[in-house]
Amino acid sequence: MDFKNKLTNWYSDNKRSLPWRNTKNPYYIWLSEIILQQTQVKQGLPYYEDFIKQYPTVFDLANASEEEVLKLWQGLGYYSRARNLHTTAKHVAFELDGRFPNNYKDLLKLKGVGDYTASAVASIAFNEVAAVVDGNVYRVLSRYYGIITPINSTDGIKEFKKLASNLIDKEQPATFNQAIMEFGATQCKPKNPNCTICPLNESCMALQKNMIEFLPVKLKKTKVKTRFFNFLVCIDNNKNTLLEKRTSKGIWQNLYQFPLIESNKSLSSEEFHLLNIKDSVLDNLNFDYSLYNIEDIVHKLSHQHLYTKFWIIETKELPKKSIAIKEIKKYPVPVLISSFIDAFNFNDL
DNA sequence: AAGTCGGGGCT
DNA sequence: AGCCCAGACTT
């Protein structure tokens, strides 16, 4: 039996039962694929359930506000996915009368849809022969064929796409694509795969050469930038606080946060006192302040480490633009802010 | 071709 | 604490 048949047989015996596998509706397939970009099933599944419940059709998603979509996406990360999801929903609903593009080439034109997602939707929803190459496929193919070309190099991207395109089952592309990804996710795992029970272990090049732990090959690591954040958690006598929207490019675009002052080092209370926050943030109001966390809270993104202090600013009455503290959970915020809100007991004030 | 964009999990 | 995982887009 060849690679293709062993793989699809393994899949029919071992596939997980997942909600997006019970449908051919391109809206659901597309939604699941956007959620699962850079995200494992375990983390994405509850978000998928929330989204289809809240937005059963592409029209429901299109008619939502971006803020509502971001709120539902909160905690999943890579928030440009949510913004692009909303943009594409509006495009499909209002420009294409709710009908998704039904082929790889046209799917690729949608915002937030790259080579992987276009192939996934084209094959799974429309049975087009379009090979998917996600992180799982890179791992399976590099190990099975002993390919040492770095998977994130220009050559590697082309080489693996070509190989997957040659291997794909022309009769059942949807099943083949899902089979090879599922195989990578649960059998040919990144760490300590159980090769003794693998249906491909007799012909796996990496296993024969003891190379499993060294494949796939990936180039370089990004250098991590350190930043120092000071959030101003303002509280007045009417239980109001201040939130600001992050409108500029960069992390967390269009999410909300407490007013932020970035510094070039971790500030002491004395250094914080010298900041001119009275004029810049507080409309010239008098205030008392205290530091919530003595040790910096370190929030790690893939390419930035955020050393964070939350300063509690108490004042008599905040400016008009303030919001009621009890409304705070309606706003989409980064996990760093959400965790603080959960840990900080506003009721004690 | 290199850099940006989150968050979770494992050790 | 450090390391790994996983696509699309911008520069």
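Quick note on labels: first sequence line is chain A, next is B, and so on, each numbered from 1.
In plain terms, the two heavy atoms of A:E128 and A:N103 that are nearest each other are OE1-CA, 3.2 Å. The minimum heavy-atom distance between A:T308 and A:F310, with the atom names listed, is CG2-CE1, 3.8 Å.
Closest to the A:K42 side chain, of the nucleotides B:dG7, B:dG9, C:dT11, is B:dG9. Taking the side chain of A:K218 as heavy atoms from C-beta on, and the options C:dC5, B:dC5, B:dG7, the nearest nucleotide is C:dC5. Across B:dG3, C:dA8, C:dT11, the shortest atom-to-atom separation from the side chain of A:K223 is found for B:dG3. For A:Q43, counting side-chain heavy atoms from C-beta on, the closest listed nucleotide (B:dC5, B:dG8, B:dG9) is B:dG8. Residue A:W252 places its side chain closer to B:dG7 than to any other of B:dG7, C:dG7, C:dC5.
Ion pairing between A:K53 and A:D60 fails under the 4.0 Å rule for side-chain N and carboxylate O. In this structure, A:E68 does not pair ionically with A:K71, as no charged nitrogen and carboxylate oxygen lie closer than 4.0 Å. A salt bridge links A:R16 to A:E182: at least one charged side-chain nitrogen sits closer than 4.0 Å to a carboxylate oxygen.
In this structure, the CZ atom of A:F160 is 14 Å from the P atom of C:dG7, given to the nearest Å. Here the P atom of nucleotide B:dC5 and the CG atom of A:N84 are 14 Å apart, to the nearest Å. Distance A:L76 CG to B:dC5 P: 17 Å, rounded to the nearest Å. Rounded to whole Å, atom P of C:dG7 lies 10 Å from atom CZ of A:R81. Atom pair A:K249:NZ and C:dT10:P shows a separation of 8 Å (rounding to whole Å applied). Rounded to whole angstrom, the span from the NE2 atom of A:H299 across to the C1' atom of B:dG9 amounts to 14 Å. Spacing between atom CG of A:N152 and atom P of B:dA2 amounts to 10 Å, rounded to whole angstrom units. As a whole-Å value, the separation of A:D115 CG from C:dC9 P is 11 Å.
Across all strands, A:S153 comes closer than 4.0 Å to no nucleic acid atom at all (heavy-atom distances). Among the atoms of the strands shown, none is found under 4.0 Å from any heavy atom of A:R83. A:Y78 comes within 4.0 angstrom of a base, heavy atoms only.
Contacts between residues 184-199 of chain A and DNA chain B, defined by a heavy-atom separation under 4.0 Å, are absent. For residues 300-308 of chain A, proximity to DNA chain B is found at A:K300, A:L301, A:S302, A:H303, A:Q304, defined as any non-hydrogen atom under 4.0 angstrom from a strand atom.
Ranked by how close their nearest DNA chain C nucleotide is to the 5' end, A:V298 and A:K111 are led by A:V298. Sequence order on DNA chain B of the closest nucleotides to A:D155 and A:Q37 puts A:D155 first from the 5' end.
No hydrogens or angles considered: nothing links the side chains of A:Y138 and A:N152 as a donor-acceptor pair under 3.5 Å.
Take A:W20 and apply the side-chain hydrogen bond (donor to acceptor under 3.5 Å, both in side chains) test, not counting sequence neighbours, and it matches no residue. Not counting sequence neighbours, the partners of A:T149 by the side-chain hydrogen bond (donor to acceptor under 3.5 Å, both in side chains) test are A:E159. Legend: residues meeting side-chain hydrogen bond (donor to acceptor under 3.5 Å, both in side chains) with A:T117, ordered by chain and number and at least two apart, are A:Q37.
Side-chain nitrogen and oxygen atoms of A:Y138 include none within less than 4.0 Å of the OP1 or OP2 phosphate oxygen of C:dC5.
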Between side-chain atoms of residues 204-211 of chain A and protein atoms elsewhere (two or more places apart, or another chain), which donor-acceptor pairs fall under 3.5 Å?
unit_1	atom_1	unit_2	atom_2	d
A:Q208	NE2	A:E202	O	3.3

